[in-house]
Amino acid sequence: MGIQEPYPLDVEAVRADFPILERKVGGDVTVPGEGEGDTTPLVYLDNAATSHTPEQVVGAIADYYRSYNSNVHRGIHQLSQEASTAYEHAHDRVAEFVGAEGREEVVFTKNTTEAENLVAYAWGLNELGPEDNVVLTEMEHHASLVTWQQIGKKTGADVRFVRVDDDGRLDMDHARELVDDDTAMANVVHVSNTLGTVNPVAEFADLVHDHDGLIFVDGAQSVPHMPVDVQAIDADFFAFSGHKMCGPTGIGVLYGKQHLLEEMQPYLYGGEMIRKVTFEDSEWEDLPWKFEAGTPVIAQGIALHAAIDYLEDLGMENVHAHEQLLAEYAYDELTAYDDVDIYGPPGDDRAGLVAFNVDGVHAHDLSSILNDHGVAVRAGDHCTQPLHDKLGVPASARASFYIYNTREEIDELVEAVDDARQLFA
Ligand code: PLP
């Protein structure tokens with residue numbers, strides 16, 4: 001695909017917000033931060049694992065700790081009130097960003113994995129039994145796959161998997177066979193972190209709702225990269241992680257329809273989530289605090305607010321368009337080699353990541369050679385081990401793109417891949 005005019009993002013301006021991108025690498029890894037041996041410019045293509053944090057978000061964290069660090073909801077003093085207000089507004093901002101009704105539907109967690117576990121334990125353990133089934137897909141991340149698999153073992157519910165076809169897409173005919181009146185929950189990944197497939201989650205939600213089941217959509221790889229509206233999808237639950245969208249680690253989001261969250265029992269008990277406690281019993285706080293036991297992720301939540309402001313200033317449509325151009329370019333460049341296998345749909349129909357293998361080169365060796373070129377990719381099964389088993393490979397290398405990546409960086413990637421090919425030829 002040619003360059004679009006006008007180009008969706010001012011990538012040079014974006015890069016200026018991320019000082020880490022000026023880093024050199026290649027030196028002694030026991031010394032964190034740039035050291036003497038670091039001489040190779042960094043090409044960071046591991047964004048599906050964790051994205052970088054712009055100055056604006058680092059500034060929000062620093063500002064919190066420098067000027068109003070305090071525990072929330074527990075103090076009458078001014079700092080506590082300021083922190084509480086900022087923390088609550090962060091929930092409002094997230095609600096607005098993904099189209100939730102309000103803060104009651106937005107629970108802050110540690111990450112997507114914890115959001116999955118929250119629903120699996122608080123809802124699944126109480127609601128599921130041997131007569132029920134839970135429908136997943138073969139491309140689920142371990143965050144949901146392992147969680148529902150284990151809840152299935154505890155409750156006797158049958159856990160079934162919708163097939164992924166040879167093009168890396170969900171076999172929706174198979175989904176229609178698997179989803180039935182005993183389907184209590186489906187868990188579908190919105191964008192596959194291995195295949196780059198964008199799944200028809202709204203269609204899936206309709207299918208599950210027609211059978212009176214619920215659907216949990218894993219949005220860890222969609223929310224950072226494209227406009228998402230949880231109500232348009234009609235997701236009952238939806239989760240994502242701050243560290244993949246310019247925010248810090250330690251913050252994730254569970255969206256849940258209010259009536260479902262109200263019906264659910266808490267997952268963790270303790271302070272902050274209670275309204276009244278006696279020696280005999282306790283009453284729970286209102287949503288979302290009922291699900292945020294103990295001192296919550298205050299700095300991280302406030303920083304997530306800043307990350308959302310940052311992304312929305314760029315425009316999620318622009319973020320998406322930029323990444324699609326990069327993904328298509330990378331796909332085209334890499335498929336030019338007939339000994340490179342790329343998994344998932346074609347370049348013009350995928351999210352901004354490319355998982356691949358080079359014939360005769362283990363993904364770990366490949367990624368190590370890329371690292372010598374300063375190119376950071378992920379090697380392994382990307383927490384989709386059963387999917388890799390199905391693909392017939394133990395591992396793959398994955399390059400994943402974000403707002404600050406450039407075509408020149410993809411050229412570096414391709415050059416490094418070519419080096420690996422020649423080395424192992
Ligand atoms: N789901 C998908 C699709 C992911 O890509 C990831 C992370 O890579 C997760 C869930 C888990 O996210 P976290 O590790 O932040 O809990």
Side-chain angles (χ1 to χ4, degrees), residues 44-53 94 98 107-121 136-151 161-162 164 168-170 186-201 204 215-226 228 230 233 235 237-255 267 297 300-301 303-304 307 323 327 343-345 350-355 376-388 395-402:
Y44 188 80
L45 302 178
D46 193 18
N47 296 287
T50 288
S51 64
H52 287 310
T53 319
V94 170
V98 297
V107 177
F108 283 177
T109 60
K110 188 172 69 177
N111 48 33
T112 303
T113 306
E114 190 180 86
E116 290 275 1
N117 276 271
L118 193 162
V119 174
Y121 278 84
L136 308 188
T137 78
E138 288 180 339
M139 61 172 97
E140 292 315 297
H141 187 279
H142 294 170
S144 46
L145 194 157
V146 178
T147 305
W148 290 109
Q149 175 194 71
Q150 295 305 312
I151 292 293
F161 295 89
V162 177
V164 171
R169 294 193 176 90
L170 283 186
N187 194 112
V188 181
V189 66
H190 196 173
V191 171
S192 163
N193 64 312
T194 297
L195 301 170
T197 318
V198 183
N199 286 319
V201 284
F204 214 117
I215 184 164
F216 191 131
V217 177
D218 171 354
Q221 299 294 347
S222 60
V223 169
H225 305 285
M226 58 178 68
V228 169
V230 291
I233 294 169
F237 298 103
F238 192 100
F240 53 99
S241 297
H243 68 97
K244 296 181 195 288
M245 51 185 291
C246 295
T249 52
I251 173 99
V253 172
L254 170 68
Y255 157 83
Y267 165 54
V297 285
Q300 296 90 327
L304 179 62
E323 288 177 23
Y343 307 106
R350 58 164 50 234
L353 62 92
V354 181
V377 298
R378 183 132 299 232
D381 59 38
H382 323 306
C383 293
T384 54
Q385 206 171 317
L387 177 65
H388 275 77
S396 59
R398 180 186 68 190
S400 51
F401 315 117
Y402 211 20

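Positions are given from 1, in the same order as the sequence printed here. First listed ligand is number 1; within each ligand, the first listed atom is number 1.
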Nearest neighbour in protein (non-hydrogen) for [atom]:
atom	result
atom 1 (N) of ligand 1	D218 OD2, 2.6 Å
atom 4 (C) of ligand 1	H141 CD2, 3.2 Å
atom 5 (O) of ligand 1	Q221 NE2, 2.7 Å
atom 8 (O) of ligand 1	K244 NZ, 2.6 Å

Measuring only between side-chain heavy atoms, which start at C-beta, is [X] closer than 4.5 Å to [Y]?
X	Y	result
L45	F401	yes
F108	V94	yes
L254	E114	no
L195	T384	no

Problem - Those atoms of ligand 1 less than 4.0 Å from some heavy atom in V189 - result: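 Those of ligand 1 that fall under 4.0 Å from V189 are 3 (C).
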Handout entry: Modelled atom types, side-chain donor and acceptor of E116 and T113, under 3.5 Å
Key =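 Absent: no donor and acceptor within the cut-off.
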Handout entry: Min heavy-atom dist E116 to ligand 1 below 4.0 Å
Key =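 No; E116 lies far enough from ligand 1 that no heavy-atom distance drops under 4.0 Å.
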Exercise for the section: Counting heavy atoms only, name the option from A115, S192, S241 that's nearest to atom 13 (P) of ligand 1. Expected result: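 When every heavy atom of A115, S192, S241 is considered, S241 comes closest to atom 13 (P) of ligand 1.
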Handout entry: Winner among L353, I251, T113 once heavy atoms are compared against atom 14 (O) of ligand 1
Key =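 The nearest heavy atom belongs to T113.
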Problem - Rounded distance [0.5 Å steps], OG in S144 versus CG in N187 - result: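 It comes to 4.0 Å.
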